[in-house]
Amino acid sequence: MPGFSQANELKSWTELATHHKTLSKDIVLKEYFAKDPQRFEKFSRVFKNEADGGEILFDFSKNFLTEETLDLLVKLAEESGLEKLRNDMFAGEKINFTEGRAVYHVALRNTSNTKMEVDGKSVVDDVNAVLEHMKEFSEQVRSGEWKGYTGKKINTIVNIGIGGSDLGPVMVSEALKPYGDRNLKLHFVSNIDGTHIAEALKDSDPETTLFLVASKTFTTAETVTNANTAKTWFLKTAKDDSAIAKHFVALSTNESEVTKFGIDKKNMFPFSDWVGGRYSVWSAIGLSVCLYIGYENFYQFLAGAHAMDQHFLKTPLKENIPVIGGLLSVWYSDFFGAQTHLVAPFDQYMHRFPAYLQQLSMESNGKAITRDGKYVNYTTGPILFGEPATNAQHSFFQLLHQGTKLIPTDFILAAKSHNPVEGNKHQRMLASNFFAQSEALMLGKPDSEVKAEGAPEELIPHKTFLGNRPTTSILVDKMTPAALGALIAYYEHLTFTEGCVWNINSFDQWGVELGKKLAVKILGELDDGKAGEHDGSTSSLIEAFLARGKL
Ligand SMILES: O=P(O)(O)OC[C@H]1O[C@](O)(CO)[C@@H](O)[C@@H]1O
């Protein structure tokens, strides 16, 4: 445990509170830019991705930040023990103390084969053995050497998993679609709603479909139920249990449940309990991605994340890009009262990125108990939300520009499009929106300007924009596998930084357990056709469902 309980007991927290009193009255971003021609240079950082030679520019200069703010925030990180906690994570210490586990997803993308140990035992060979298996298997499937039970090539992959066993694979395979094998059809089935599996099966042929049952625990009700439904559907045609080996593989830590399900141990891609669900796309859980984009690209994805890991591990805090991102989030949440964090990728392929980040951020830092068991005296994890732009502009950006809430926003753009159609015209239009939005959010539109445009007197307040809305712009050269890997790792370490300062355990998820238990009890009542003991509303709703939902 660190040498403090509540983050607001730290000296730097008090100093930040005093600093906030003056800064919040004074800071007008456009004036700060006018006063300081070096502002962009001071508050932007370039990440050089050793994996593919690409760069990512992080522009933090349109944030409520001065040199003093940054110094105080860095001091807050130091006092909170960020360097120790980070080093402990990289050393395989059991920093997820409520579950007695190491937090070692960084070991899954250790492409430099650095020594990494848990309990004094190296994990490097085990990680590499699984990667080797993924390589061999993905090459066999992609080449057609791996055949279905009737000798046909696999052309459909159905990943069955939920939460971290779904969101990472679906987001990454969408984001890296330009690298995908278009002869392979991908389906991701997560929801217990029968529609999800039914639609995937309608679109599949048992002779050419490969099911990946992705579940760390292999006990998650949704996944086990969907996988059993898929197995029944498959056996209806295949008839013979021995055919399962060609069409079902498991991505899991739980060998006994996997074999009980009927999947051969040799068709299991294992990983360890030190991989959290929301950090598992780098593990065997990423097999769907590997099959789709090929092993070389998957490896580049890992290498890009590894490059960001090295940056996080070795760069002084003031230059450390994810540390700055995390500290800014704390700054907005706890000193400016921001409740949310918006992430808007200007990239259609990245359309599931905000959904992925929701689990990463909200399952990690949606906590209110400090590491020594006290209720926090301050606010913690923000509500993360987002949609790809420019679509987002035409729906909820109104509230960003003229609403009453402060919404710190990240905009992400790749300079080079994968589809430079119409002589790159679309890309230039996309980019012009990326620049215009952050500029407009900062500059606003004063009433004098609205008046000068000839607006009638009564409309002037409606057409005025206050501006001074903070944004972080992230400019990637091109969304390559390595760039995406680095970007995800950026958000992981940002989340880590927040959790460390707030002194919460970012690595458990007890909050989702309650709902699971209650649902099991009510399922028994639905099977019996009678509501049990509940409050008036719940019993009546159950009775209404039973009356209306009879088959
Ligand atoms: O991979 P599993 O064990 O099926 O769990 C799936 C998901 O369920 C959760 O435990 C929460 O419901 C997530 O943390 C996890 O990603």
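For ligands, and for the atoms within them, numbers begin at 1 and follow the listed sequence. Side chains are part of it too, since the values below use all heavy atoms of this structure and drop only hydrogens, waters and symmetry mates.
- Looking at atom 8 (O) of ligand 1, its nearest protein heavy atom turns out to be Lys516 NZ, 4.3 Å.
- Protein heavy atom closest to atom 6 (C) of ligand 1, with residue, atom name and distance, is Ile162 O, 3.1 Å.
- Aromatic ring pairs are classed by plane angle as parallel below 30°, tilted from 30° to 60° and perpendicular above 60°; the pair Tyr279 and His105 is parallel.
- Looking at Arg278 next to ligand 1, no N or O pair under 3.5 Å apart turns up.
- Summary of contacts: the protein heavy atom closest to atom 3 (O) of ligand 1 is Thr217 OG1, 2.6 Å.
- Aromatic ring pairs are classed by plane angle as parallel below 30°, tilted from 30° to 60° and perpendicular above 60°; the pair His493 and Phe312 is parallel.
- The protein non-hydrogen atom at the shortest distance from atom 5 (O) of ligand 1 is Thr220 OG1, 3.5 Å.
- Near Gln359, with a cut-off below 4.0 Å to any heavy atom, the atoms of ligand 1 are 13 (C), 14 (O), 16 (O).
- Between Tyr491 and His341, the angle of the ring planes lies from 30° to 60°, which puts this pair in the tilted group.
- Using a 4.0 Å cut-off to heavy atoms of Glu363, the atoms of ligand 1 that qualify are 11 (C), 13 (C), 14 (O).
- Contact annotation for Gln509 and ligand 1: only side-chain heavy atoms (C-beta onward) come within less than 4.0 Å of the ligand.
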Item to check | Steps toward side-chain contact (heavy atoms from CB on, under 4.5 Å) verdict (Asn96, Thr98) | outcome: CA-CA 6 Å; Asn96 175 6; Thr98 57; 3.3 Å; yes
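- At a 4.0 Å cut-off, not a single heavy atom of Glu222 sits close enough to ligand 1 to count as contact.
- Scanning all protein heavy atoms for the shortest distance to atom 11 (C) of ligand 1 gives Val512 CG2, 3.4 Å.
- Residue-to-ligand polar distances keep Thr223 apart from ligand 1: every N/O pair is separated by 3.5 Å or more.
- Glu174 has no carboxylate O lying under 4.0 Å from a charged side-chain N of Arg352, or vice versa, which leaves the two without a salt bridge.
- Phe396 and Phe385 have tilted rings, their planes meeting at an angle from 30° to 60° on a 0 to 90° scale.
- For atom 15 (C) of ligand 1, the closest non-hydrogen atom of the protein is Gly164 N, 3.9 Å.
- Proximity to Gly163 (heavy-atom distance under 4.0 Å) selects the following atoms of ligand 1: 16 (O).
- Under the 4.0 Å criterion applied to side-chain N and carboxylate O atoms, Glu492 and Arg109 are assigned as salt-bridge partners.
- Using a 30° and 60° split on the angle between ring planes, Trp233 and Phe211 fall in the perpendicular class, above 60°.
- A salt bridge does not link Lys121 to Asp119: none of the charged nitrogens lies less than 4.0 Å from a carboxylate oxygen.
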